[in-house]
Structures are given as structure tokens and as C-alpha cells.
Chemist: 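The structure's right below; bear with me while I get my questions together.
Counting from 1, the numbers follow the sequence of the chain as shown. Here the structure is a predicted model, which means the values were calculated and not measured.
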Amino acid sequence: MPHAIAHHAVLDARMVAATRGLRLLSLASWPAQTQQAFLGALAAGRRAMPVVRYPALDFSDARRELDAIAAAADRDHPLGAYIAESAQVWTITAQLLESLGTDAACGHAIALYGRPDVDLPGSTLTTRDAAGHFIRIANELDPRLLAAAERPTLDASTLQAQLQNDLDAYFGGRVITVELDPEMIAKAAAGAYRLRLRSDARYSIHDREQLLQHEAFVHSLTALNGREQSVLPSMAMSSPRTTCTQEGLAVFAEQITGSIDIDRMKRVSLRIEAIALALRGADFLQVFDYFRDEGQATNESFASAQRVFRGVPLTGGHAFTKDAVYLRGLIEVHTFFRQSLAQRKLPLCRQLFAGKMTLDDVVRLSPLFEAGTLAPPRWLPPWLERAGGLAGMLAFSLFANRIRLDKL
């Protein structure tokens, strides 16, 4: 192994070890009892701000190690640039965890995930503009057009059995286990070997395909493929640095397979608008009311508002901005796929599944994939295996975007 590759492989292994305790989402999440207490009081006619306490955390040793790793990386080498940028983001993650519940946590969240009022790439429109567009379209849709498959009629255990059958059929055996989790905020989450469903949530038949494409065939497959990387084992890890690309790719997978629906787009968009409201001064109760006024059930409104205020003060002017990346990531990934087709570089799209990376990483590390230094993805989603069908849809998208609706 050439010296530069061996040097950075050692640094990457050190980074994996240093970040082992930096579990941002789980440490910032609220216990299930918080929701139970809030909804119980609300049912009794009392509106009270939730009481959330966070652990006092000290990651100074991890931060010193991450600083040393970043300093030792050669930023002129593709591996070194990847490691240095990753280590810096993990340092911010550690700082956010050390500041949970304080004003500083919001600033660190913005540094990791951005804001909803920043211009989208190649546009003067913002993520919030995109969210407003989807909310308007959803609100204008005739409810009579909604299919029965889009209504939440399935309990979590039924969906668990269905998804387990789907995954076992894909892998030809048990690789990913579908589990129920009563402590979750989100309705679903995926790791390399587990797909978790919130046990008290209800799902539609349509959710089955969405979760399969989004959680299993993106988040789980990139984690599994990342475990095949002997030089960069960190590519198996979920890092805030790769969240925008990961979530954008996952929503793109829903879109390209026809699994996404307008109600799903509205839910994603409402969270973005709620983040903007919180940053402008809305407190937890006002954001909770916003979700209820937009038609969400009381328990779902709490879960949605909870996502906005993870780790930050509840009194307004602060937000945990992770949910702002979904639409921005979707637009960036969609653009990346279209550019790859136009430039005859569709293999880059397959390499995107070789681990958890940013779009810049895929381009920068491409020579290392071609040289065999980095492993190609072992598992690919069925829609990406069908390169002809993907190219056909992207080719149509490239042409259709040249048509100006305002000129018709």
C-alpha cells in the first residue's frame, strides 16, 4: 500500500475511534415520557412547555484527537481532504453535544446543517421557497384524489412484518432486521443491520415502499457498503457532514421509484417552515400549534415540533436545523444525477452508494475507486441497477427543464 494511502488509513481508523461516543441524534433526543407528560396535560386542559434535561457532556479528549487528525491529514490528497473535512465536522458535533440546551447549540446546528433561508445551488430561491411551493400544491389538491393506499391504516407491527419480508427477499436471507422502538422521534430510522419503526405510529400502504427505498435501500445499503471499505472505514458512519447528501439521495430514491406522494412532500416542507418560524422567535408551543393547524394529529404535531427543538432552548429564536437539508439535498442530488448523465459519468452515481459521502467526495475520490483503492458498492438499490430506465428518466428531465411554463 503506498505511503499516502497507508498514512490516511491510519488517520481514518483513529477518527472512527475518536467519534465513537458522538451520537448526536440519540443524545439530543427527548425521552418518550416527555411526550406522554405533555399530551396528558394537554388532554386535561393544561398547556405547559415541556421540561427537557440534557446530560452534561465533555468531549474535550475527542476534540483534541480530532484536531490532531485534521492537522496530520494532507489536504492536497483526496483521502486527506476527506479526513480533514470530516474531522472538523465531528469537532463541531462534539461542541454541539457539549452545549445541549443552550443558545450555543443552535449556532452549532446551523454550522452542521445550514439554514432554510439560504439560496439553493444555482438559484436565487431558498429551501424555504421550495417548501412553500410544496405546501401550496398539497393544500390545493382535491382530497377526493387521494388513494386509499395513502391513508394511515397500518399499525407498526403489520408494517414491520411486510418490510421484513421485502428485505429478506432482496438479500436472499436475513441481513437487516426490522424492529419496533417506542423511544423514537422519527417514524423510522435505519442503520447497517437494523431498520427501526416507531411503535406507536400508524403507516399507510404507501409508506411501505417509501421506507424501503429511503431507509433500507439508501441509509442501510450505504452503511453496509461502507463496511467494505478497508481504507476508509468511516464511510460506514452517519456523520452530519454527509446528512444533506444522504437525505437528498434517500428522497431522490423515493422520487425516482414513484414512491413519494404530495403528503410526504408536505410533511418534509412543514418541518422546514417550522424551523424558519422557530429561528424567527416562535417557541415550542407556537410551533406545535403550527403543525396542528396544518392538519397533523396532536401526537404527530408534538413529534414534529420536538424535531425542531432537539438540543436547543424551547423559548424561541433557536432551532435544530437538520430537517432543512431534505429538500436542499434532494435538489442537489437530482442535479448531480442529471449532470452525471449529461457528462457521461453515470458510474459516479453508483459510487455514491459505496459508503456515506458528500457529492464532492464522490467526484474527488473517483480515481481511487477506479484504481481499486476504494471498494465498489456491493449492494445497489434495484432502481440504480436498471441503468437504462434511470437514464431514460433523467434524459426526459434534462429536456423538460428547458420548457418555460410561463411562456405557454
Side-chain angles (χ1 to χ4, degrees), residues 113-116 118-138 209-219 221-222 241-269 271-272 322-364 366 377 380-405:
Y113 302 116
R115 299 174 57 99
V118 175
D119 288 352
L120 294 165
S123 174
T124 58
L125 298 173
T126 67
T127 306
R128 192 179 175 200
D129 291 328
H133 168 78
F134 290 117
I135 292 171
R136 286 192 297 275
I137 295 293
E209 188 65 17
Q210 288 177 356
L211 293 174
L212 190 66
Q213 300 297 337
H214 182 117
E215 302 292 348
F217 289 161
V218 173
H219 296 324
L221 291 196
T222 51
R241 178 174 174 271
T242 62
T243 298
C244 186
T245 298
Q246 274 283 297
E247 298 300 352
L249 182 60
V251 179
F252 178 77
E254 295 179 47
Q255 183 190 62
I256 204 74
T257 58
S259 306
I260 204 162
D261 63 332
I262 193 62
D263 188 57
R264 162 77 166 147
M265 293 301 295
K266 180 179 178 179
R267 289 198 305 272
V268 170
S269 300
R271 295 172 192 163
I272 294 169
K322 173 181 177 285
D323 282 336
V325 306
Y326 284 74
L327 285 185
R328 186 173 80 245
L330 169 62
I331 293 167
E332 290 179 358
V333 167
H334 186 261
T335 301
F336 179 83
F337 271 73
R338 291 167 58 218
Q339 286 180 325
S340 296
L341 176 68
Q343 298 170 6
R344 300 184 179 182
K345 295 181 178 179
L346 270 183
L348 287 176
C349 300
R350 298 170 71 91
Q351 291 169 7
L352 191 55
F353 279 84
K356 296 184 185 293
M357 296 173 280
T358 68
L359 297 176
D360 287 340
D361 288 337
V362 177
V363 176
R364 183 164 49 197
S366 181
L380 288 171
W383 61 267
L384 190 53
E385 291 275 22
R386 299 189 293 269
L390 173 63
M393 295 188 70
L394 293 173
F396 179 79
S397 175
L398 281 170
F399 182 79
N401 280 358
R402 295 165 57 186
I403 299 174
R404 292 277 304 274
L405 293 181

Chemist: Within the structure provided, determine whether K266 and I137 are in side-chain contact (heavy-atom separation under 4.5 Å).
Modeler: no
Chemist: Begin with the C-alpha distance, continue with both residues' side-chain angles, and end with the deciding distance and a verdict on side chain to side chain contact (heavy atoms under 4.5 Å, CB included) for L327 and V268.
Modeler: CA-CA 8 Å; L327 285 185; V268 170; 4.1 Å; yes
Chemist: Applying ring pair (Phe, Tyr, Trp, His ring centres under 6.0 Å), can you list everything that pairs with F217, at least two apart in sequence or on another chain?
Modeler: Y170
Chemist: Which heavy-atom pair separates I262 from F134 by the least distance, and what is that distance?
Modeler: CD1-O, 4.2 Å
Chemist: Of all heavy-atom pairs between V333 and G248, which one has the smallest distance, and what is that distance?
Modeler: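 Between these two residues, the closest heavy atoms are CG2-C, 3.7 Å.
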Chemist: Rounded to the nearest 0.5 Å, how far does CD of Q255 lie from CD of Q210?
Modeler: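 Those atoms lie 12.5 Å apart.
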Chemist: Under a 4.5 Å cut-off applied to non-hydrogen side-chain atoms, are L221 and P377 in contact?
Modeler: no
Chemist: Look up atom CG in L380 and atom SG in C349, then write down how far apart they are to the nearest 0.5 Å.
Modeler: 11.0 Å
Chemist: Who passes side chain to side chain contact (heavy atoms under 4.5 Å, CB included) against E209, sequence neighbours left out?
Modeler: L212, Q213, S259
Chemist: If you measure from OG on S340 to CZ on R350, what distance do you get to the nearest 0.5 Å?
Modeler: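 One gets 13.0 Å once the value is rounded to the nearest 0.5 Å.
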Chemist: Can you list everything that forms a ring pair (Phe, Tyr, Trp, His ring centres under 6.0 Å) with Y113? Sequence neighbours excluded, please.
Modeler: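 Y113 satisfies ring pair (Phe, Tyr, Trp, His ring centres under 6.0 Å) with F320 once adjacent residues are dropped.
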Chemist: Provide the closest heavy-atom pair for A324 versus I272 in the form atom of the first, atom of the second, distance.
Modeler: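 Scanning both residues completely, I find the closest heavy atoms to be CA-CG1, 4.0 Å.
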Chemist: Taking the side chain as every heavy atom from C-beta outward, state whether V218 and P381 have any atom pair closer than 4.5 Å.
Modeler: no
Chemist: Say you draw a straight line from CG of L341 to CG of L348; how long is it, rounded to the nearest 0.5 Å?
Modeler: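 Separation between the atoms: 12.0 Å.
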Chemist: Side chains of M265 and L330, heavy atoms from C-beta outward: is any pair under 4.5 Å?
Modeler: yes
Chemist: Checking side chain to side chain contact (heavy atoms under 4.5 Å, CB included) for the pair L211/E215: CA distance, chi angles, key distance, verdict?
Modeler: CA-CA 5 Å; L211 293 174; E215 302 292 348; 3.9 Å; yes
Chemist: Inspect the contact between E247 and R328 and indicate whether a charged nitrogen and a carboxylate oxygen are less than 4.0 angstrom apart.
Modeler: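 A salt bridge is absent here (no side-chain N lies under 4.0 Å from a carboxylate O).
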Chemist: Among F336, F337, Y326, which residue satisfies the ring pair (Phe, Tyr, Trp, His ring centres under 6.0 Å) criterion with F252?
Modeler: F337
Chemist: So how far is it from L249 CG to T222 OG1, rounded to the nearest 0.5 Å?
Modeler: 7.5 Å
Chemist: Looking at H219, is its backbone amide N or carbonyl O close enough to the side chain of K356 to form a donor-acceptor pair, meaning the two atoms are under 3.5 Å apart?
Modeler: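 Checking the backbone N and O of H219 against the side chain of K356, a donor-acceptor pair under 3.5 Å is found.
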Chemist: Can you sort out the partners of R115 under side chain to side chain contact (heavy atoms under 4.5 Å, CB included), two or more places apart, ordered by chain and number?
Modeler: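 Counting only residues at least two positions away or on another chain, R115 forms a side chain to side chain contact (heavy atoms under 4.5 Å, CB included) with I110, D117, V118, L279.
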Chemist: I need the minimum non-hydrogen distance between T257 and E254, along with the two atoms involved.
Modeler: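 Scanning both residues, the minimum pair turns out to be OG1-O, 3.2 Å.
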Chemist: For T358, give me all partners under side chain to side chain contact (heavy atoms under 4.5 Å, CB included), at least two apart in sequence or on another chain.
Modeler: R241, T242, T245, D360, D361
Chemist: What pair of heavy atoms forms the shortest contact from R264 to V251, and how long is it?
Modeler: NH2-CG2, 4.4 Å
Chemist: Please confirm whether the backbone N or O of I331 pairs with a side-chain atom of T335, one donor and one acceptor, at under 3.5 Å?
Modeler: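 Such a contact is found between T335 side chain and I331 backbone.
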Chemist: Looking at residues at least two apart in the chain, or sitting in another chain, which of them share a side chain to side chain contact (heavy atoms under 4.5 Å, CB included) with D129?
Modeler: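 Counting only residues at least two positions away or on another chain, D129 forms a side chain to side chain contact (heavy atoms under 4.5 Å, CB included) with L125, T126.
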Chemist: On a heavy-atom basis, which atom in S269 and which in I135 lie closest, and how many Å separate them?
Modeler: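 It is CB-CG1, 3.6 Å.
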